[in-house]
Every structure is written in C-alpha cells, then in structure tokens.
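Lettering of chains follows the sequences in order, A, B, ..., and the numbering in each one begins at 1.
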There are 2 protein chains.
Amino acid sequence: MLRADLDQIDIKILRELQADGRMTNVELAARVGISAPPCLRRVRRLEETGIIEGYRTVLNGPMLGLDLVAFCMVGLKHQSDANLKAFSAATTAWPLVRQAWLVNGDSDFLLHCVAENLTTFQNFVIEDLTANEQVDTVRTMLTIRQVKKVGLVDI
Amino acid sequence: MLRADLDQIDIKILRELQADGRMTNVELAARVGISAPPCLRRVRRLEETGIIEGYRTVLNGPMLGLDLVAFCMVGLKHQSDANLKAFSAATTAWPLVRQAWLVNGDSDFLLHCVAENLTTFQNFVIEDLTANEQVDTVRTMLTIRQVKKVGLVDI
DNA sequence: GCTGAAAAGCACAACGG
DNA sequence: CCGTTGTGCTTTTCAGC
C-alpha cells in the first residue's frame, strides 16, 4: 500500500490522527465525513500496511528534569560496513541518544541527544562517545531552544 | 508539578504511554497495577500539568512518498533578537521544516527537513532558504538512513 | 465499498474506605 | 490517596444494501 492507494478520506484520517492520536473513532469519523465502522476499518488497514507506524505520547522534557538537548556530528575512523554497524549498535544502547542518522558529508552520524544537564551530557561525550573505538571526531551543537515543534507530515 | 512529584506509578504510566499512546485506560491500569479510575485520574493530572504534551500518530514517510530526510545548519547574517524571531517565523511557515532549533556554535539554526525527493528539497534550499534575507550560510546533511528511531524519554 | 443495529467493553463520575 | 459501582458512550461485529 502506497500513497497512490490512498483516497482523500484516508489522507484526512492521517491528518487528523497526526494532530490528535487519541481522538475517538466516532469523532474521527465525523471529521472525515463517514460513519464510524468504515472509518475504523480504514484506520486498521493503515495500521496493518504500516503507513501508521504507531501512537506515541509526547512528554515535556524540562518538567521531567531533562533540560539539555544537543546534536552530535560524529565522524568514524573508518567507514566500512562493519564499523557503521558497530557504531549503530552503540547508539542504540546509549539512552541519551534518542535518534541517530547515518548521513553524508563531513561527518558520518548525526545524533539527537537529550540529557538532564550539561554535566550529564559532557560525561556522555567524554566517557562514551569519544571513548568509542570507532569514533574519530565529535562536533557538538547545544540547543538554546526549539523554535518549531511540529512533527506532522505534510500530506 | 515536576519530576519530584511523580511516584513510581506515574513513571510507569509515562513509560507505557510513550510506547503505546492509544492503549486503553483499562489495559494501562492493569499494566501499572492499579484499578482503572485512579489510573485515569493520574493520566488527566499528567495532561493538565503539561507533563503529557499530547498524543501523536507516527506515519511512515517513505510509504507516503517522502523519501528524503535532511538537516540544514543555517547561519544568519546578524543574530539580533529581531532577526532570530523573523527567521523562526519563516521556519514555521515552511512545511518541509518539521523541527527547528536555535543552537550555539558555528551556525545559528538547525532544521530537520523532510521532502519527497532531492529535487523538492533542492528547490526549497535554493528558492526559500538561501533566498531568505536573514540567511548567510547554509550547510546541508542528507541522511542515508535512520539507525536509531526511539523518541522515548528515558525515565 | 457503505450503512445501521446490537452486544461487548470502556470511560468517567459519584460515593465510600 | 485507592477501590467499587453504575451509567452512558464507544468500539466492534454482523447483518443487509
């Protein structure tokens, strides 16, 4: 199932659910203009085909004592497939790293990190990241504030 | 309400809801070990205090024809407060930009962008981003693949 | 494909421990 | 604070169109 197989009602459903993932099926059906049972069938199909990957609750980091968001650009010593896989596995194991991308350009990986404070983050960079045997260079961008916080796919 | 005011049951609730934001209250209550009504009261309190910011449905980008994820590091000509605000407003208006951070270091902003393909993205960079009167420098990192896709806050 | 009705399950409020 | 109870709504299935 690809975008070509979605009609306008499916697109509407995805838009509504992105904005409010806990909307009841009855309200969703009313918003997209069909009755509840076919609406639920459409949602289930979108889930089964994988277009809907899941439902997440978004938490407020600062209220939970997570005051630092940073991005790390990491360059590896060697870019062999085995090294890329080994470093990927390492990022998966580090709880500070919330998302990681393999990228092109100057560095090899971009890490999106969240930590309690600067001390926690620096300890991670020194003790885990730069200490990792795959890692050659680390450049860090500390965030001051998030100015756009959308996450909605524009469909 | 801060993290200090959360007990172990609240923490469990947040963990469960992060992983599955559409879990029913009955199932959530069973998982955290209390009955449904007090569980729902806790969830409502977490919502009202803002620790729970909202519920989102996560979609699969490639299945929707969004095959390109990139990060742009943008430097402004002048970093006055008015310029920062003007550029922040611009990022909000661009649908390709899904998240934007004000950062320290070499550049001023980091943009997380999603586009259909390289052509769409290059058009955005040339026609919107570098054409913006605030913008001085743009450095782009195209992603090859996402190796860690968590999003769960480690609490 | 959709609609409509019916049964099962859930959310939510009220009350008592 | 938690738990129990009860009501109304939602979900979900199963007909029929």
Side-chain angles (χ1 to χ4, degrees), chain A residues 1-66 151-153 155, chain B residues 1-60 62-66 151-155:
Chain A
M1 189 184 197
L2 293 170
R3 172 156 198 182
D5 303 316
L6 303 177
D7 63 14
Q8 278 310 110
I9 295 179
D10 290 317
I11 303 285
K12 275 190 189 174
I13 287 174
L14 294 176
R15 282 210 186 97
E16 294 290 342
L17 283 181
Q18 277 194 97
D20 179 6
R22 274 196 91 113
M23 186 182 299
T24 68
N25 183 61
V26 171
E27 187 179 345
L28 178 62
R31 284 177 183 244
V32 304
I34 60 177
S35 64
C39 184
L40 187 62
R41 277 197 294 272
R42 282 167 179 268
V43 173
R44 292 285 174 268
R45 202 182 74 228
L46 292 166
E47 289 170 353
E48 284 159 14
T49 56
I51 289 184
I52 291 180
E53 293 194 339
Y55 303 93
R56 292 259 178 78
T57 299
V58 182
L59 306 185
N60 182 303
M63 280 189 170
L64 293 166
L66 299 166
L152 302 194
V153 173
I155 51 175
Chain B
M1 189 185 196
L2 292 171
R3 172 157 196 180
D5 302 316
L6 303 177
D7 64 12
Q8 277 310 110
I9 294 179
D10 290 317
I11 303 285
K12 273 191 189 174
I13 286 174
L14 294 176
R15 283 211 187 97
E16 294 290 343
L17 283 182
Q18 278 194 97
D20 178 6
R22 269 194 96 106
M23 187 182 299
T24 67
N25 182 61
V26 170
E27 187 178 343
L28 178 62
R31 283 176 184 245
V32 304
I34 60 178
S35 65
C39 183
L40 186 62
R41 281 196 289 268
R42 283 167 179 267
V43 172
R44 291 287 173 267
R45 204 182 72 228
L46 292 167
E47 288 170 354
E48 285 160 14
T49 56
I51 289 184
I52 290 179
E53 293 192 342
Y55 302 93
R56 292 260 179 77
T57 300
V58 182
L59 306 185
N60 182 304
M63 281 190 171
L64 293 166
L66 299 165
L152 302 193
V153 173
D154 183 49
I155 51 176

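Note: A:M63 CE to B:D5 CG = 10.5 Å, rounded to the nearest 0.5 Å. Interatomic distance, CD of A:E48 versus CZ of A:R41, reported as 12.0 Å (0.5 Å rounding). Taking CD1 of A:I51 as the start and CG of A:L46 as the end, the distance is 5.5 Å to the nearest 0.5 Å. From A:R56, atom CZ reaches atom OG1 of B:T57 across 11.0 Å, with rounding to the nearest 0.5 Å.
The A:P38 side chain lies nearest to C:dT3 when the options are D:dC1, D:dG3, C:dT3. The side chain of A:R45 has C:dG1 as its nearest neighbour among C:dT3, D:dC1, C:dG1.
Residue A:L17 is tested with A:L14, A:I13, A:D20 for a side chain to side chain contact (heavy atoms under 4.5 Å, CB included); the sole match is A:I13.
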Scan nucleotides 11-13 of chain C against the protein and return all N/O pairs shorter than 3.5 Å with their distances rounded to 0.1 Å.
from: C:dA11; atom 1: OP1; to: B:N25; atom 2: N; distance (Å): 2.6
from: C:dA11; atom 1: OP2; to: B:N25; atom 2: N; distance (Å): 3.4
from: C:dA11; atom 1: OP2; to: B:V26; atom 2: N; distance (Å): 3.0
from: C:dC12; atom 1: OP1; to: B:R44; atom 2: NH2; distance (Å): 3.4
from: C:dC12; atom 1: OP2; to: B:R44; atom 2: NH2; distance (Å): 2.5

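For the pair A:I34 CD1 and C:dT3 P, the interatomic distance rounds to 7 Å; values are reported in whole Å. The CG-P distance, from B:D10 to D:dC1, rounds to 9 Å in whole Å. If you measure from atom CZ of A:R42 to atom C1' of D:dT11, you get 18 Å, rounded to the nearest angstrom.
Between B:S35 and D:dC2 there is no side-chain polar atom (N or O) within less than 4.0 angstrom of OP1 or OP2.
For DNA chain D, the stems formed by at least three consecutive Watson-Crick or G-U pairs, with both atom-pair distances below 3.5 Å, span C:1-17 with D:1-17.
Across all their heavy atoms, B:D7 and B:D10 have their closest contact at OD1-N, 2.9 Å.
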What pairs of donor and acceptor atoms, side-chain ones from residues 23-38 of chain A against any protein atom, are under 3.5 angstrom apart with sequence neighbours left out?
from: A:T24; atom 1: OG1; to: A:E27; atom 2: N; distance (Å): 3.2
from: A:N25; atom 1: OD1; to: A:L40; atom 2: N; distance (Å): 3.4
from: A:N25; atom 1: ND2; to: A:A36; atom 2: O; distance (Å): 3.0
from: A:E27; atom 1: OE2; to: A:R31; atom 2: NE; distance (Å): 3.1
from: A:E27; atom 1: OE2; to: A:R31; atom 2: NH2; distance (Å): 3.0
from: A:R31; atom 1: NH1; to: A:E16; atom 2: OE1; distance (Å): 3.2

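Applying the salt bridge (charged side-chain N to carboxylate O under 4.0 Å, His left out) test to A:R44 and every residue at least two apart in sequence or in another chain returns A:E47.
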